[in-house]
K.L.:
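One structure coming up, written as structure tokens, with questions to follow.
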Amino acid sequence: MSQTTEQTQYDGLSESEVRLKKLAHYREKGEDAFKYKFDRSHSIKEICEKYAHLESGEKSEDTVILAGRLMAKRGHGKASFGNIADENAAVQYYANIDELGDEVYHDLIHLDVGDIIGIEGKPFVSKRGELSIRLAKFTLLTKSLHSLPEKFHGLQDKETRYRQRYVDLIANPEVRHVFQDRAKIIHFFRDYLHKDNFMEVETPVLQTIYGGASASPFETHHNTLDQKLYMRISLELPLKRLMVGGFERIFEIGRVFRNEGVSYKHNPEYTLLELYQAYTDYHGIMALTETLLSELVKAHTGSTKITYQGTELDFAPPFRRLTMKDALKEYADTDINLDEAGLAKRAKELGCDIPEQYHRGELINLIYDKCVENKLIQPTFIMDHPWETSPLAKRKADDPRYVERFELIINTMEIANAFSELNDPIDQKARFEDQTKAREAGFDETHMTDEDFVTALSYGMPPTGGLGIGIDRVVMLLTDQPSIRDVIAFPHMRDKQI
RNA sequence: GAUCCGGUAGCUCAGCCGGUAGAGCACCUGACUUUUAAUCAGGUGGUCGUGAGUUCGAACCUCACCCGGAUCACCA
């Protein structure tokens, strides 16, 4: 085939069209561009480790067989270089026309960046000191029909990165590390809890009554049962029913769904870890949380410190403990024990938007959100919340206006939420009724009454401490990612034809 | 939901006061037998987010809409 023919036959074609033509040529020659399997002798990482000892210019007589995606090509006439990458590493190959023959060499240099190939050859170290494979043979395993993003800048466009994460993962190797780290973090939590004798359980995503948090649910419908269903907004109530049943240490890592806004720290579906431990209270859970997170950070970085978006965060226990009362005093110069009118006046002075309907708990929360949470950078336990906003937590024995609850705040984000679980069925029923009253008075996002949950508690749940941890946010912190979308493989996006 | 910023070649980005749509990478052709953002020469590739409007003439000005990002509100 003459060169002018090749030039004209590709003239006017887009790159994808050129690749389709190449694919058609393979088919004409009876070659399969989508092979069924390929046996490798090593992963690229194994090769990098095994031949790390080779000196510059030194050759191995071993023949190795590798596979990966062609990430770059550098042609030099009768010799050429390329890079292939597999899941964990990349390596350079070197090829020349003398060793491959005209036809094979021609096929090699007409591969496209993005193609997945198998290569066979001997490891050596190039003049410039780079471990390389001297190519003896190659096989096209999968033809790629789309060109990859430019190699130097990678894929920058956030929209494409999120909508077509597969392209992001190919083009930006550091993105792959984020998801590998995410997997390690989740594995760490599971492993730690199993070793601490917690049992992993699974509870329903589809529920007739949603609960365990203040949030709007997604609604759905079961056709044959003709039943309205909600996607769970938390894991709490089914897990506590299992505690009633007699399990003493359980946990679940699961997706929950909240029909709320989207932001750098909110995705409509996210991953929650909840655990419940019998015969302990929120102090016990606080100690557990502290150990769990500081050990996680140590396992991940080798120290107790991480840097998140330029800020050093220190997870060395003990974390700072601050009651809601002291927090309001320190950060808002406000006495938490003011009456409703006094708190409303203070909230207004502090510039809070006061809703039409409010109660003491709501006002305390408003002041806290406005003045405290956005100041808390180092890991801090905020303790003893007002009872009105915590309908599933046990009241403090010495002051029933507050509950035994803590939230862990890191870098102004709520990372964990925990209570001494309310196990008095009579108080629980009253709390649900208060929620109903609040809803009727115009409060949004109040808890639904769950009669069966009250029934469950009336059989007796031992004293129990419970904890919820937002896994995605922990991953954000440990992988230094600025947005929750960067730690969720397929973050929620509006529909768009692409 | 509100405000601001953005959407131009497969990718990264220019495009001034409204006057024929640009570069680099990628791709095609040629040269080059140790390069690595290879180099050099020549090419292909565009509904400028969508739709209206203003104008002799719109990527550029106006309006509406779509999508994304940031900030805010709700929420974890």
Side-chain angles (χ1 to χ4, degrees), chain A residues 2-19 21-22 56-57 71-83 90-100 105 110 112-114 124-130 132 134 144-163 167 171-172 212-216 233-234 256 258-272 353 355 365 369 373 407-409 413-417 444-445 468-474 476 482-485 491 493-498:
Chain A
S2 80
Q3 287 136 0
T4 46
T5 313
E6 273 189 33
Q7 179 158 24
T8 45
Q9 83 176 350
Y10 292 131
D11 251 16
L13 298 182
S14 70
E15 196 174 333
S16 296
E17 289 165 336
V18 170
R19 289 180 181 220
K21 281 245 177 197
K22 287 181 179 179
S56 194
M71 297 305 290
K73 290 194 298 175
R74 294 176 293 283
H76 294 264
K78 296 188 173 60
S80 71
F81 295 85
N83 295 84
V91 72
Q92 169 173 273
Y93 67 76
Y94 164 78
N96 69 54
I97 198 163
D98 301 335
E99 288 169 53
L100 292 182
Y105 187 78
H110 284 85
D112 290 304
V113 169
F124 75 104
V125 173
S126 73
K127 275 183 194 164
R128 299 289 176 93
E130 181 164 340
S132 310
R134 193 175 194 93
S144 170
L145 298 176
H146 276 281
S147 59
L148 292 182
E150 187 220 6
K151 60 194 159 195
F152 189 61
H153 296 92
L155 180 64
Q156 297 294 323
D157 183 65
K158 285 225 156 100
E159 188 170 351
T160 311
R161 290 188 48 213
Y162 297 150
R163 287 188 194 278
V167 183
N172 301 324
S214 302
S216 299
I233 58 171
S234 87
V256 298
R258 300 194 180 179
N259 207 337
E260 316 260 355
V262 189
S263 82
Y264 76 95
K265 55 180 172 179
H266 300 94
N267 194 63
E269 50 181 303
Y270 70 101
T271 302
L272 196 54
D353 293 328
N365 249 351
D369 285 343
E373 194 173 77
E407 291 177 299
L408 174 62
I409 312 299
M413 284 194 296
E414 186 186 332
I415 298 297
N417 183 26
D444 292 336
E445 296 186 351
I469 295 181
I471 297 291
D472 312 87
R473 291 184 175 180
V474 172
M476 282 171 72
S483 169
I484 198 166
R485 292 182 185 100
M493 291 272 151
R494 268 203 171 89
D495 272 352
K496 186 185 180 187
Q497 291 296 323
I498 51 172

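Chain letters run A, B, ... following the sequence lines, proteins first, then strands; residues in each count from 1. As the structure is a computational prediction, the values presented were derived from the model and not from experiment.
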K.L.:
Looking at A:Arg163, does any N or O in its side chain come under 4.0 Å of the phosphate oxygens OP1/OP2 on B:G68?
P.N.:
yes

K.L.:
Based on the glycosidic angle (syn within 90° of 0, else anti), state the conformation of B:C17.
P.N.:
syn

K.L.:
Think A:Arg74 has a side-chain N or O under 4.0 angstrom from the OP1 or OP2 of B:U35?
P.N.:
no

K.L.:
Taking only the side-chain nitrogens and oxygens of A:Arg485, find out if one of them lies under 4.0 Å from OP1 or OP2 of B:G69.
P.N.:
yes

K.L.:
Categorize A:Gln92 for me: base, sugar-phosphate, or nothing, with a 4.0 angstrom heavy-atom threshold over every strand shown.
P.N.:
base

K.L.:
For A:Gly470, report the nucleic acid contact type (base, sugar-phosphate, nothing); a contact means any heavy atom under 4.0 Å.
P.N.:
nothing

K.L.:
Within the 4.0 Å heavy-atom criterion, would you say A:Ser216 contacts the bases, only the backbone, or no part of the nucleic acid?
P.N.:
nothing

K.L.:
Can you check side chain to side chain contact (heavy atoms under 4.5 Å, CB included) on A:Ser80 and A:Tyr105, steps first, answer last?
P.N.:
CA-CA 9 Å; A:Ser80 71; A:Tyr105 187 78; 3.5 Å; yes

K.L.:
Which nucleotide wins on minimum distance to the side chain of A:Ala79, given the candidates B:A26, B:G68, B:U33?
P.N.:
B:U33

K.L.:
Quick one: which of B:G10, B:A76, B:U33 gets closest to the side chain of A:Arg258?
P.N.:
B:A76

K.L.:
Indicate, with a heavy-atom threshold strictly under 4.0 Å, whether A:Met413 touches base, sugar-phosphate, or nothing.
P.N.:
nothing

K.L.:
Considering just the side-chain nitrogens and oxygens of A:Arg494, establish if one lies under 4.0 Å of OP1 or OP2 belonging to B:G68.
P.N.:
yes

K.L.:
Choose from B:U35, B:A26, B:U33 the nucleotide whose nearest atom is closest to any side-chain atom of A:Lys151.
P.N.:
B:A26

K.L.:
By nearest atom, which of the nucleotides B:A70, B:C27, B:U12 is closest to the A:Asp157 side chain?
P.N.:
B:U12

K.L.:
Taking only side-chain N and O atoms of A:Arg128, does any of them lie within less than 4.0 angstrom of OP1 or OP2 on B:U36?
P.N.:
yes

K.L.:
Is the shortest side-chain N/O distance from A:Arg473 to OP1 or OP2 of B:A76 below 4.0 Å?
P.N.:
no

K.L.:
Determine the contact category for A:Tyr264: base if any of its heavy atoms lies under 4.0 Å from a base atom, sugar-phosphate if only primed atoms, P, OP1 or OP2 are that close, otherwise nothing.
P.N.:
sugar-phosphate

K.L.:
Is there, by distance only and without an angle test, a donor paired with an acceptor across the side chain of A:Asn96 and the base of B:U34 below 3.5 Å?
P.N.:
no

K.L.:
Hey, is the main chain of A:Thr271 close enough, under 3.5 Å, to the side chain of A:Asp472 for a donor-acceptor pair?
P.N.:
yes

K.L.:
A:Ser126 near the nucleic acid: base, sugar-phosphate alone, or nothing, with a heavy-atom cut-off under 4.0 Å?
P.N.:
base

K.L.:
If you look at every strand shown and take non-hydrogen atoms under 4.0 Å, does A:Tyr105 touch a base, only sugar-phosphate, or nothing?
P.N.:
nothing

K.L.:
Would you say A:Lys127 reaches B:U35's phosphate, i.e. side-chain N/O to OP1/OP2 under 4.0 Å?
P.N.:
no

K.L.:
May I ask you to check whether A:Asn267 and A:Arg258 show a side-chain donor-acceptor distance below 3.5 Å?
P.N.:
no

K.L.:
On RNA chain B, does the nearest nucleotide to A:Met493 precede the nearest nucleotide to A:Glu373 from the 5' side, or the other way round? Give the residue.
P.N.:
A:Met493

K.L.:
Hey, are A:Arg128 and A:Gln92 close enough side-chain-wise for a donor-acceptor pair under 3.5 Å?
P.N.:
no

K.L.:
Mind checking if A:Lys22 touches a base, just sugar-phosphate, or nothing, with heavy atoms under 4.0 Å?
P.N.:
sugar-phosphate

K.L.:
Just call it for A:Gly75: base, sugar-phosphate, or nothing, with non-hydrogen atoms closer than 4.0 Å on any strand.
P.N.:
base

K.L.:
Any side-chain N or O of A:His146 under 4.0 Å from OP1/OP2 of B:C27?
P.N.:
no

K.L.:
Starting from the 5' end of RNA chain B, give me the residue, A:Gly77 or A:His153, whose nearest nucleotide shows up first.
P.N.:
A:His153

K.L.:
Do the charged groups of A:Glu99 and A:Arg134 touch, with an N to O distance under 4.0 Å?
P.N.:
yes

K.L.:
Is a donor from one side chain sitting under 3.5 angstrom from an acceptor on the other, for A:Glu150 and A:His153?
P.N.:
yes

K.L.:
Within the modelled atom types, does a donor on one side and an acceptor on the other bring the side chain of A:Arg134 and the base of B:U34 under 3.5 Å apart?
P.N.:
yes

K.L.:
Output yes if the stacking criterion (under 5.5 Å between centres, under 30° between planes) is met for A:Tyr270 over the base of B:A76, else no.
P.N.:
yes

K.L.:
Please pick, from B:U29, B:A26, B:G68, the nucleotide with the shortest atom-to-atom distance to any side-chain atom of A:His110.
P.N.:
B:U29

K.L.:
Could you tell me whether the phosphate oxygens of B:C25, OP1 or OP2, come under 4.0 Å of any side-chain nitrogen or oxygen in A:Lys73?
P.N.:
no

K.L.:
Quick one: label A:Glu414 by what it contacts on the DNA or RNA (base, sugar-phosphate, nothing), any heavy atom closer than 4.0 Å.
P.N.:
sugar-phosphate

K.L.:
Would you call A:Lys21 and A:Glu17 a salt bridge, using N to O less than 4.0 angstrom?
P.N.:
no

K.L.:
Taking only the side-chain heavy atoms of A:Val113 (C-beta and beyond), determine which of B:G10, B:U33, B:C27 contains the nearest atom.
P.N.:
B:C27

K.L.:
Between the base of B:U36 and the side chain of A:Glu130, is there a donor-acceptor distance below 3.5 Å?
P.N.:
yes

K.L.:
I want to verify a distance call: between B:A76, B:U34, B:A37, whose nearest atom is closest to the A:Ile484 side chain?
P.N.:
B:A76

K.L.:
Give one of base, sugar-phosphate or nothing for A:Arg19, where a contact means two heavy atoms less than 4.0 Å apart.
P.N.:
nothing

K.L.:
Could you check whether A:Asn365 gets within reach of a base, just the sugar-phosphate, or nothing at all, counting any heavy atom under 4.0 Å?
P.N.:
nothing

